[in-house]
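Down below is the structure, laid out as structure tokens.
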Amino acid sequence: MMNSALDTQVASATDTQRPPRHFLPEAFTVSDWASLEPYFVELRDRTLASSDELEKWMLDRSELESILSEDLAWRYIRMTCDTQDQERAEAFQFFVNEIEPNVAPYDHALNEKMMHSEFLPGLDQERYGVFLRSVRQALEIYRAENIPLKTDISTKQQQYAATVGAMTVTLDGEEITLPRAADRLKNPNRAIREEAYRAIQERRLQDSQPLDQLFTELVSLRHQMALNADFPNFRDYMFAALGRFDYTPEDCFAFHRAIRETVVPLIDDLDLERRQDLALPELRPWDLDVDVSGKAPLRPFDTGEELLEKTITVFQRLDGFLGDCLLTMRQMGHLDLESRKGKAPGGYNYPLDETGVPFIFMNATSSLRDVVTMLHEGGHAVHSFLTRALPLSADKHPPSEVAELASMSMELISMDHWGLFFPDEDELRRAKKTHLESVLETFPWVATIDKFQHWVYENPQHTVEERHARWTQVFDEFNQRTVSWKGLERFKPYLWQKQLHLYEVPFYYIEYAMAQLGAIAVWRNFRQNPQEGLEAYKRALALGYTAPIGEIYAAAGIRFDFSTEYLRTLADFVREEMAKL
């Protein structure tokens, strides 16, 4: 079954046509609630007389969900591409204010109709087991009074993107975005690095109080949602909402401890080597991104088009299907890669459920980090293509522990072809070493953000001062323990504000560390047998969310395991690979 499904999905990589609709008219577009509601009413009121009819009903509902999901996606994409365009912001807000609140009660009613159907036992329980488990969870946590709260939260999250997207600094007489300013932290000239670092932090500090107030409001709204749904706190609510059936908060705390015991000392050692290589009496925050060779920053490409062209070639060399995915996206204009003023921060691959061809958004400024981001988002894109032919919309959206496995694995298994970006052998070694260091650095930063979030929502009545103190304590536990912050103390309490996940997708972060472990294991398999390693990677991703996380990891030939022993084994493997460079 798995191989035939994979063959079907691979065959569709170059298809730019969306599949035909069977429930809604081909020409239907989302314009207002009045034109949309009759389709929800039809699904709610349809008489079902057999398991086959229930299954057909599920597919019709999925089609409607895909159309809505893709419409919202395009509104979000267009808004983030230009946060200063009021019309785009209003179009997104219209969906949030007028469509989503009206959909929610119907969504709940349809879930109840399905779960109460006498024909539910007649469905293939193995095929639909994961999906039905998620629907039961959604029914349990649904509360009508949370619908307006979700609308308020979405509006405030939009404020964060607009605030951060508008941040610029002036360096050498030029107004530039913060991502472009951050490129100067790689400059061999220490004075230039310090100037850029201070400028970035001063700019962030200007909006620190509004962002603190915004976060306080979000915490309050989220806590109220949790109480409405009979949870003691928003953390426990989100574990249910995210469908975390495979681990608990206590498992996260154990993972934090494992990271502190195994990876943080490795980072301390790397920082000590860095200080010695740079011949500095002490490391400062602006010394952490510069190449210790003293050479100019790596410049792997000059334009977004060059970045895309080289990435396509890397993917083609790995596997023709991978290259076809990006070629199709380019043909359809589903990419916006270069940084510019007014563009939202960060990067993402946004799945488009009906078309099946995702959109990649990022802020490239010609750095190594941009190459990694492009490969990362490209891994997500491949995942979207591999799940494109799955029948249910829900099948195409695996949890982040799986989604990030797709992207982080791609960063590592593509490294054999990085010579396209770095034809000089010394630069290639620098690039690989820098990236592998960042792989290890993922773990402490993820633990920091995750541990901080647990505290925030376990203590929702905390003051801003308590928040700053707790952040600083957690930051110091995991990060930069050999770095001097003398004279910079006023910046440290606000460093968390740059992490958009805290504002926009709370508790979506520990998955990065879990998936990073999995990605290292995928890479280790790929090192031992490239062809089988890559095929196992594709087989696992092609499952979408039709199997539990552990089974998907097993299909990739790895373990869903974040124990201290497993973490130490894989971290040692990374250090061994670094030693070979």
Side-chain angles (χ1 to χ4, degrees), residues 83 153 156-171 176-185 193-222 234 283-289 344-346 363 369 441-442 444-509 512:
T83 62
I153 288 170
K156 292 185 183 301
Q157 289 172 174
Q158 186 183 353
Q159 292 174 19
Y160 174 80
T163 299
V164 177
M167 289 183 181
T168 62
V169 295
T170 300
L171 294 170
I176 56 176
T177 63
L178 296 197
R180 288 197 177 278
D183 281 347
R184 299 188 179 213
L185 298 176
R193 298 200 304 270
E194 179 177 355
E195 179 188 28
Y197 182 87
R198 290 183 180 275
I200 291 169
Q201 299 307 327
E202 291 286 359
R203 179 61 189 88
R204 290 192 182 280
L205 206 58
Q206 289 179 29
D207 283 319
S208 59
Q209 290 186 3
L211 288 177
D212 249 331
Q213 178 60 31
L214 177 62
F215 193 67
T216 297
E217 294 169 4
L218 284 168
V219 169
S220 178
L221 288 168
R222 289 165 178 165
F234 182 71
L283 276 182
R284 302 285 272 163
W286 48 81
D287 297 321
L288 300 177
D289 291 335
N363 283 274
R369 182 67 240 171
E441 290 165 356
T442 295
W445 183 249
V446 169
T448 304
I449 295 296
D450 192 60
K451 187 170 183 176
F452 177 61
Q453 286 194 95
H454 281 274
W455 178 87
V456 164
Y457 292 104
E458 286 175 344
N459 302 276
Q461 307 301 327
H462 67 265
T463 66
V464 170
E465 292 73 23
E466 288 170 336
R467 181 190 304 159
H468 293 171
R470 181 56 175 167
W471 164 259
T472 302
Q473 181 184 23
V474 177
F475 179 88
D476 289 343
E477 181 181 353
F478 291 99
N479 303 274
Q480 302 184 17
R481 301 194 306 181
T482 64
V483 175
S484 169
W485 276 78
K486 184 172 55 182
L488 306 170
E489 293 85 356
R490 63 198 179 97
F491 297 135
K492 188 183 286 188
Y494 301 98
L495 292 176
W496 59 273
Q497 292 183 347
K498 69 180 181 180
Q499 195 67 53
L500 68 83
H501 299 73
L502 293 169
Y503 287 87
E504 297 186 5
V505 277
F507 284 100
Y508 170 34
Y509 214 63
Y512 283 106

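- Asp289 places no side-chain N or O within donor-acceptor distance of the main-chain N or O of Leu185, the cut-off being under 3.5 Å.
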Scan the side chains in residues 485-493 for donor-acceptor partners under 3.5 Å anywhere in the protein, sequence neighbours excluded, and list what turns up.
unit_1 : atom_1 : unit_2 : atom_2 : d
Trp485 : NE1    : Gln480 : OE1    : 2.9
Glu489 : OE1    : Gly487 : N      : 3.0
Glu489 : OE2    : Gly487 : N      : 3.3
Arg490 : NH2    : Glu202 : OE2    : 2.2
Lys492 : NZ     : Asp476 : OD1    : 2.8

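- A distance of 10.5 Å separates CD1 in Ile200 from CD in Glu195, rounded to the nearest 0.5 Å.
- Atom CG of Leu218 and atom CD of Gln157 lie 6.0 Å apart (nearest 0.5 Å).
- For the pair Thr168 and Arg203, the tightest heavy-atom approach, listed with the atom from each and the gap, is O-CD, 3.3 Å.
- With sequence neighbours left out, Phe478 forms a ring pair (Phe, Tyr, Trp, His ring centres under 6.0 Å) with no residue at all.
- Using modelled atom types and a 3.5 Å distance limit, the side chains of Arg204 and Tyr494 yield no donor-acceptor pair.
- Residues meeting the side-chain hydrogen bond (donor to acceptor under 3.5 Å, both in side chains) test with Glu217, sequence neighbours left out: Lys156, Gln213.
- Every residue meeting the ring pair (Phe, Tyr, Trp, His ring centres under 6.0 Å) condition with Tyr160, not counting sequence neighbours, appears here in chain and number order: Tyr503.
- Rounding to the nearest 0.5 angstrom, the gap separating the OG atom in Ser208 from the CH2 atom in Trp496 is 9.5 Å.
- Rounding to the nearest 0.5 Å gives a distance of 13.0 Å between CD of Glu477 and OG1 of Thr472.
- The two atoms that bring Leu221 and Ile153 nearest to each other are CB-CG1, 3.7 Å, heavy atoms only.
- Within the structure, no pair that satisfies the salt bridge (charged side-chain N to carboxylate O under 4.0 Å, His left out) test touches residues 495-504, not counting sequence neighbours.
- Taking the ring centroids of His501 and Phe507, they lie at or beyond the 6.0 Å cut-off.
- Rounded to the nearest 0.5 angstrom, Leu205 CG and Gln497 CD are separated by 8.5 Å.
- The side-chain hydrogen bond (donor to acceptor under 3.5 Å, both in side chains) check on Ser484 picks up Arg284, with sequence neighbours excluded.
- Sorted by first and then second residue, the pairs that involve residues 459-470 and meet salt bridge (charged side-chain N to carboxylate O under 4.0 Å, His left out), not counting sequence neighbours, are Asp212-Arg467.
- For Asn479, the side chain to side chain contact (heavy atoms under 4.5 Å, CB included) test picks out Pro444, Trp445, Thr448, Phe475, with sequence neighbours left out.
- The shortest heavy-atom contact between Ala181 and Ala196 is O-CB, 3.8 Å.
- Applying the salt bridge (Lys or Arg N to Asp or Glu O under 4.0 Å) test to Asp183 and every residue at least two apart in sequence or in another chain returns nothing.
- Here His462 and Tyr457 keep their ring centres 6.0 angstrom or further from each other.
- A donor-acceptor pair under 3.5 Å is formed between the side chain of Asn459 and the backbone N or O of Trp455.
- Thr482 and Leu283 get closest at one heavy-atom pair: O-CB, 4.2 Å.
- Within the 3.5 Å criterion, the main-chain N or O of Pro506 finds no donor-acceptor partner in the side chain of Gln453.
- Annotation: side-chain hydrogen bond (donor to acceptor under 3.5 Å, both in side chains) contacts of Trp471 (sequence neighbours excluded): none.
- Under the side-chain hydrogen bond (donor to acceptor under 3.5 Å, both in side chains) criterion, Glu458 pairs with Arg235, not counting sequence neighbours.
- In this structure, the salt bridge (Lys or Arg N to Asp or Glu O under 4.0 Å) partners of Arg193, at least two apart in sequence or on a different chain, are Asp287.
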